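A quick write-up on the structure given underneath.
Here, residue 1 is the first one in the sequence, and each next residue gets the next number. Worth saying up front: this structure is predicted, and the values here are computed from it rather than measured.
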Amino acid sequence: MRIPPHAKDLFIWGNINPVHAALYREVAGLAGLLIFLWIRWRKNLPDYITKEVTEWVKLDNVTMYRYGFGMDRKTKNKALRKLAKEELIELVLIEKSGKAPQARLLVK
C-alpha cells in the first residue's frame, strides 16, 4: 500500500489504540482497518455546509477513493456487515436506495 502524497493532510484527532485497530483488522481484514481509520479521521471534521460535528460518518466510495481509502463497494459492504455483526460499529444502511451507508464507532 502506498502512502498518498497528501498524507500530511490526513491528521487523525486523538490517539489510536493499536488494539482497537487490530480488532477491526481481525474481524474484517484490511477493509475493516481502512473503515476504522476513515471513521476516526472524518468524525471530528465539521460538515462543510452546517459546520456541525457528528459521530456519524458517510462512507461514500468517491470520497474514500479520493483520499486513498478506496476499495471495491462489495468489499466495503461485506466488511461493514461483519463489523456491525461484531458490534464494533453502528450502521445505517438503506437497502437498494443508492445512498452511501453511514456508520459510527462503538469502540473508541
Side-chain angles (χ1 to χ4, degrees):
M1 183 170 152
R2 68 174 187 82
I3 297 174
H6 59 281
K8 63 181 180 359
D9 299 330
L10 301 177
F11 177 75
I12 296 176
W13 298 78
N15 296 337
I16 293 180
N17 186 338
V19 174
H20 294 163
L23 182 62
Y24 279 77
R25 174 132 191 194
E26 181 181 327
V27 169
L30 182 59
L33 178 62
L34 287 173
I35 289 169
F36 171 72
L37 293 173
W38 176 258
I39 294 172
R40 282 295 310 262
W41 176 50
R42 296 294 292 196
K43 76 176 189 166
N44 291 310
L45 297 177
D47 183 78
Y48 70 98
I49 295 174
T50 64
K51 307 298 184 220
E52 292 180 7
V53 176
T54 179
E55 287 190 15
W56 291 93
V57 174
K58 191 163 122 178
L59 294 125
D60 61 305
N61 295 328
V62 174
T63 308
M64 289 180 73
Y65 182 78
R66 183 181 306 143
Y67 289 104
F69 291 85
M71 64 190 86
D72 183 63
R73 63 184 176 86
K74 291 178 183 178
T75 303
K76 181 181 76 175
N77 287 331
K78 189 175 178 182
L80 287 171
R81 292 179 196 279
K82 285 180 182 179
L83 294 170
K85 183 179 177 186
E86 293 293 325
E87 298 180 354
L88 294 173
I89 62 169
E90 191 172 342
L91 183 62
V92 175
L93 178 64
I94 303 169
E95 296 291 334
K96 298 184 181 181
S97 69
K99 295 189 177 192
Q102 293 187 1
R104 73 180 181 136
L105 298 177
L106 297 178
V107 175
K108 307 288 180 189

### Closest non-hydrogen atom pair, Gly32 against Ala79
N-CB, 4.2 Å
### Query
Are any of the side-chain heavy atoms of Leu59 and Met64 separated by less than 4.5 Å?
yes
### Task
Please write out which residues are connected to Val92 in a hydrophobic cluster, directly or through intermediates, given that two of Ile, Leu, Val, Met, Phe, Trp, Tyr count as joined at side-chain heavy-atom separations below 4.5 angstrom.
Trp56
### Query
How about Leu93 and Leu80: do any of their side-chain heavy atoms sit closer than 4.5 Å?
no
## Note on the structure
NZ of Lys85 to CZ of Arg81, rounded to nearest 0.5 Å, is 12.0 Å
### Message
Do Ile16 and Ile89 land in one hydrophobic cluster if side-chain heavy atoms of ILVMFWY residues count as linked below 4.5 Å?
### Response
yes
### Message
Can you pull out every salt bridge (charged side-chain N to carboxylate O under 4.0 Å, His left out) where at least one residue sits in residues 68-78? Sequence neighbours excluded, please.
### Response
none
### Task
Would you name the heavy atoms of Arg42 and Thr63 that are closest together and state the gap between them?
NH1-CG2, 4.4 Å
### Message
Within the 4.5 Å heavy-atom criterion, are Ile39 and Tyr24 side-chain neighbours or not?
### Response
no
### Message
Using every non-hydrogen atom in the two residues, find where Arg104 and Glu90 come nearest and quote the distance to one decimal.
### Response
NH2-OE1, 2.7 Å
### Message
I need the minimum non-hydrogen distance between Ala103 and Leu91, along with the two atoms involved.
### Response
CB-CD1, 4.2 Å
### Task
Decide yes or no for Met71 and Leu30: does some side-chain heavy atom of the first lie under 4.5 Å from some side-chain heavy atom of the second?
no
### Message
Over 60° means perpendicular and under 30° means parallel, so tell me whether Phe69 and Trp41 are parallel, tilted or perpendicular.
### Response
parallel
